[in-house]
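Only one structure is covered here, and it is reproduced in the block below.
First listed ligand is number 1; within each ligand, the first listed atom is number 1. Hydrogens, waters and symmetry mates are skipped; everything else that's a heavy atom, side chains included, is used.
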Amino acid sequence: MSAARDPFAPPALGEPYLLTPGPLTTAREVKQAMLRDWGSWDGDFRALTARLRQDLLALIGDADGAFTCVPMQGSGTFCVEAMLGTLVPREGKVLVLANGAYGKRAAETLRRIGRGVTVIDTGDYLPPRGEDVSAALAADPALTHVFAVHCETSSGILNPVAEISRAAYAAGCRLLVDSMSAFGAVPAALSDFRYDALVSSANKCIEGVPGFGFVFARRSDLAAAKGRCHSLSLDLAAQWETLETSGQWRFTPPTHAVAAFLKALEIHAAEGGVAGRGARYMRNRDVLVDGMRTAGFETLLPDRWLSPIIVTFFSPADPAFRFPRFYELMKQKGFIIYPGKLTQTESFRLGCIGRMDERVMRRVVAAACDCLAEMGVRSAAPAPEALAQRVALAA
Ligand SMILES: *Cc1c(COP(=O)(O)O)cnc(C)c1O
């Protein structure tokens, strides 16, 4: 009898771990599931699509059967645009809660497609709070929807979606959620917080490969949205209608990515679903953050707002530290890291998601320390101005 293979072993000889929030490191079985070609119109592939929709819907616990799951080709942004263009009426107006790139992108999308938008921009690292949402909705009765980002991947902040949801519905508005980087590892069932639509994609916490995303929405809203979308290809209502009537996607589906995703869903279930996956990511995050702090690095966010998805670290102030060099050295040691996305301060990000466990995270910390030594960086401490930001947040 051979010993069971370590499911978190390095992807393959010479292939680095991706410490990025998607595409991410996937299981070998997920990659192997792509070694077959599927006819998109064939009954076998239609059965895959049906299972995909059904298994995803089960993850939000739609007890009343009011919701459906509509997959859409493209990256996550395509699906956000499909959701907004299809579900927000032409005369609708959306309160967008932005604290990073993805909230800003949603606002830009709404402007492009001619929907009304008001933005609450809390900057790089402050969460939008329920009371701010209540005040904004009270001040403008034209607002019909609230758009929130669940985990804002730009900083790694886990936004307080439950209080945002309460504020939205108390004011008679509907909540649309970008749960791209949270769904599958952070609770997002209908019993966790109320929403009318939620979007995620294949290559984040379910640990599939890129190629499509999916929107959970009410059947009644999709039925009412017929002909509304600004875009032919991103029309979620038309995609839904075709899926319901023929079992097919409207245009060429990413067949291999769908087959891989079903394997990823099986692995997700075997790991204990959202709770099991979330627990592993939290351990990854805790080991990473503890180790990096011990080495002298500082996180952008205080513990309360850290997500189990991705963590932003301030770049060391030591002049010997240069991010491009750090990136190359980390890559040589087997880890692809992620540049920061803050507007104000130098930073970098390390993802906790993908086929990795805490043992891998310990090696990440050791590699980061080795890189500093090789660069001649004496201290990993950030500039005092950077830290002042964080103190302001904690207050
Ligand atoms: C990944 C992500 C998206 C989508 O990005 P794409 O590059 O289009 O896949 C949207 N919102 C959030 C919060 C994300 O993390």
Please indicate whether any nitrogen or oxygen in D178 is less than 3.5 Å from any nitrogen or oxygen in ligand 1. yes
Any V149 heavy atom less than 4.0 Å from ligand 1: yes
For A259 versus A33, what's the shortest heavy-atom pair and its separation? CB-O, 3.7 Å
Before you tell me yes or no, could you show the steps for R280 and D357 under salt bridge (charged side-chain N to carboxylate O under 4.0 Å, His left out), namely the whole-Å CA-CA distance, both residues' side-chain angles and the distance that decides it to 0.1 Å? CA-CA 7 Å; R280 172 161 61 85; D357 66 0; over 6 Å; no
At a 4.0 Å cut-off, with the gap strictly under it, does some heavy atom of C151 reach an atom of ligand 1? yes
So, are E81 and R112 salt-bridged, with charged N and O less than 4.0 Å apart? no
Between S40 and W249: side-chain donor-acceptor atoms closer than 3.5 Å: no
For F216 and F183, take the angle between the two ring planes, folded into 0 to 90°, and tell me which bin it lands in: parallel under 30, tilted 30 to 60, perpendicular over 60. tilted
Under 4.0 Å from any heavy atom of T153, which atoms of ligand 1 are there? 12 (C), 13 (C), 14 (C), 15 (O)
Could you pull out, from C79, P21, G76, the option with a heavy atom nearest to atom 9 (O) of ligand 1? G76
Residue S181 vicinity, atoms of ligand 1 by number, heavy atom under 4.0 Å: 15 (O)
Among all protein heavy atoms in this structure, tell me which lies nearest to atom 2 (C) of ligand 1, with the distance rounded to 0.1 Å. K204 NZ, 2.6 Å
Atom 10 (C) of ligand 1 sits nearest the protein heavy atom Y102 CD2, 3.3 Å
Closest contact, heavy atoms only, V364 versus M330: O-CE, 3.9 Å
Does only the side chain of E152 get under 4.0 Å from ligand 1, or the backbone, or both, or neither? Count heavy atoms. neither
T77 heavy atoms within 4.0 Å reach ligand 1 at atoms 4 (C), 5 (O), 6 (P), 8 (O)
Just do the salt bridge (charged side-chain N to carboxylate O under 4.0 Å, His left out) check on R53 and E244 with the steps written out, would you? CA-CA 11 Å; R53 296 180 64 205; E244 292 291 315; 2.7 Å; yes
